[in-house]
Amino acid sequence: MQVWRWDGFFDSLFNAYLLEGAIISVGLTAGSLVFGLFIGIGLALMRLSGNRVMSGFAAFYCWLFRGTPLLVQLLIIYTGLPLVGIRFDVWEAALIGISLNEGAYLSEIVRAGIMSVAKGQREAAAALGLHRGQVFRLVTWPQALRVIIPPLGNSVNGLLKTTSIASVISVDELLRRTQLLIQERFLVLELFIVAALYYLLMTTLWDFVQRRLERRYGRGYAAESADRR
């Protein structure tokens, strides 16, 4: 019967192999967030465009990727697409799959932020001679960010943990490296708890960043609310 080993736990806690895995998880999170955000903004604008074809495509995309598990999507991309001649390595498959999935969720966050900006403000900006691109960049988007940042930050928090699913297709991130060390050292509970602590540390550090972003982008709104009182 295996017993808890404190020496194995503390040795694993500062293991360079696991630390590198945590860094890889952060990198996969950042890459998926960037591409997912671009996809999400594009989908949100398509949903709001008024063009029935574009709006319908964006709605179908969100329905498809939000209605199926990410794990299934990754397996289709990595193991299914090669059957029709489309091949990706594990890193490409993970980045593509997580980005496509995240884009569907971020599109709803972005769309809600854009819709929160009063129509009258956009009309006033247009009346001043600004074209649609300038209206979006100078008027709509800065105000929408105040609404977008809090749920976007929560999405990043979830994305840090979601990257662990990529271990199923052998992406060499934190959970995958934890599993490999377990096979080598037979420290099951000790190593899984270390991995959990790493994820907890990463999400806690991001929580501090998120709070600073929320304070920064909500500063003008808070000042305006105080003036009205």
Side-chain angles (χ1 to χ4, degrees), residues 21-48 55 57-77 91-117 136-137 140-169 171 173-176 195-219 221:
I23 293 173
I24 291 170
S25 294
V26 171
L28 183 57
T29 298
S32 300
L33 178 65
V34 170
F35 288 114
L37 191 55
F38 275 112
I39 294 170
I41 293 173
L43 290 171
L45 294 177
M46 290 170 69
R47 289 286 297 273
L48 298 171
S55 178
F57 172 80
F60 173 78
Y61 180 102
C62 293
W63 169 77
L64 178 64
F65 280 91
R66 294 178 68 188
T68 54
L70 173 60
L71 176 57
V72 174
Q73 296 165 16
L74 287 176
L75 291 174
I76 289 174
I77 292 171
W91 291 103
E92 293 169 341
L95 184 60
I96 292 171
I98 297 175
S99 298
L100 291 175
N101 181 272
E102 192 68 14
Y105 288 92
L106 293 181
S107 69
E108 294 301 306
I109 294 175
V110 173
R111 187 165 70 98
I114 293 173
M115 292 178 65
S116 70
V117 180
F136 180 79
R137 181 169 56 87
T140 305
W141 185 247
Q143 296 184 71
L145 277 176
R146 176 177 54 83
V147 177
I148 292 171
I149 289 296
L152 178 62
N154 292 334
S155 293
V156 175
N157 191 306
L159 189 56
L160 276 166
K161 294 169 286 186
T162 299
T163 55
S164 62
I165 296 177
S167 64
V168 175
I169 60 172
V171 174
E173 45 71 66
L174 176 58
L175 182 58
R176 172 67 175 173
L197 291 173
Y198 277 28
Y199 282 113
L200 184 61
L201 176 62
M202 290 188 291
T203 54
T204 301
L205 291 175
W206 171 252
D207 186 56
F208 286 115
V209 175
Q210 180 181 348
R211 291 181 184 180
R212 291 181 64 88
L213 288 173
E214 289 180 10
R215 284 198 297 268
R216 176 180 177 182
Y217 286 99
R219 189 180 303 154
Y221 178 75

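Note that the coordinates shown come from a computational prediction; the quantities given were computed from them, not determined experimentally.
Annotation for Ile169 and Ala93: closest pair CD1-CB, 4.0 Å, computed over non-hydrogen atoms. In plain terms, the two heavy atoms of Leu70 and Gly97 that are nearest each other are CD1-O, 3.8 Å. Considering all non-hydrogen atoms of both residues, Leu213 and Ile149 come closest at CB-CG2, 4.0 Å. Here the shortest heavy-atom pairing between Ala166 and Ala94 reads CB-CB, 4.1 Å. Between Leu160 and Tyr199, the shortest heavy-atom contact is O-CE2, 3.6 Å.
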When you look at Arg176 and Glu173, which way does the salt bridge (charged side-chain N to carboxylate O under 4.0 Å, His left out) test go after all the steps? CA-CA 5 Å; Arg176 172 67 175 173; Glu173 45 71 66; over 6 Å; no
Do Val117 and Phe136 pass the side-chain contact (heavy atoms from CB on, under 4.5 Å) test, and can you show the C-alpha distance, the side-chain angles, and the key distance before you say yes or no? CA-CA 10 Å; Val117 180; Phe136 180 79; over 6 Å; no
Set out, in order, the CA-CA distance, both residues' side-chain angles and the distance that settles side-chain contact (heavy atoms from CB on, under 4.5 Å) for Leu174 and Met202, then state yes or no. CA-CA 12 Å; Leu174 176 58; Met202 290 188 291; 4.1 Å; yes
Derivation and outcome, side-chain contact (heavy atoms from CB on, under 4.5 Å), residues Glu108 and Arg47: CA-CA 9 Å; Glu108 294 301 306; Arg47 289 286 297 273; 3.2 Å; yes
Would Leu152 and Leu106 count as a side-chain contact (heavy atoms from CB on, under 4.5 Å) if you check the C-alpha gap in whole Å, the side-chain angles of each, and the deciding distance to 0.1 Å? CA-CA 7 Å; Leu152 178 62; Leu106 293 181; 3.5 Å; yes
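Atom OG of Ser116 and atom CZ of Arg111 lie 12.0 Å apart (nearest 0.5 Å). For the atom pair CG of Leu33 and CZ of Phe38, the computed distance is 10.5 Å after rounding to the nearest 0.5 Å. Atoms CD1 and CG, from Ile109 and Asn154 in turn, are 8.0 Å apart once rounded to the nearest 0.5 Å. A distance of 4.5 Å separates CD1 of Ile98 from CG of Leu28, quoted to the nearest 0.5 Å. Within the model, atoms OG of Ser55 and CG of Leu45 stand 11.5 Å from one another, a figure rounded to the nearest 0.5 Å. Here the OG atom belonging to Ser107 is positioned 10.5 Å from the CD1 atom belonging to Ile41, to the nearest 0.5 angstrom.
Side-chain atoms of Ser32 never come within 3.5 Å of backbone atoms of Thr29 as a donor-acceptor pair (strictly under, hydrogens ignored). A donor-acceptor pair under 3.5 Å is absent between the side-chain atoms of Ser99 and the main chain of Ile96, judged by distance alone. Proximity of a side-chain donor or acceptor of Ser167 to a complementary backbone N or O of Leu175 within less than 3.5 Å is not detected. Using a distance-only test at 3.5 Å, with no hydrogens or angles considered, a donor-acceptor pair links the side chain of Gln210 to the main chain of Pro150.
The neighbour count for Phe35 CZ, taken as heavy atoms of other residues, nucleotides or ligands under 6.0 Å away, does not exceed 12.
Trp91 is listed as a side-chain neighbour of Ile24, based on a closest heavy-atom distance under 4.5 Å. A 4.5 Å side-chain heavy-atom check between Leu48 and Ile114 finds at least one atom pair inside the cut-off.
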Compile the donor-acceptor pairs under 3.5 Å between side chains in residues 61-68 and protein atoms, sequence neighbours left out, one pair per line.
from: Tyr61; atom 1: OH; to: Leu100; atom 2: O; distance (Å): 2.8
from: Thr68; atom 1: OG1; to: Leu64; atom 2: O; distance (Å): 2.9
from: Thr68; atom 1: OG1; to: Gln73; atom 2: NE2; distance (Å): 2.8

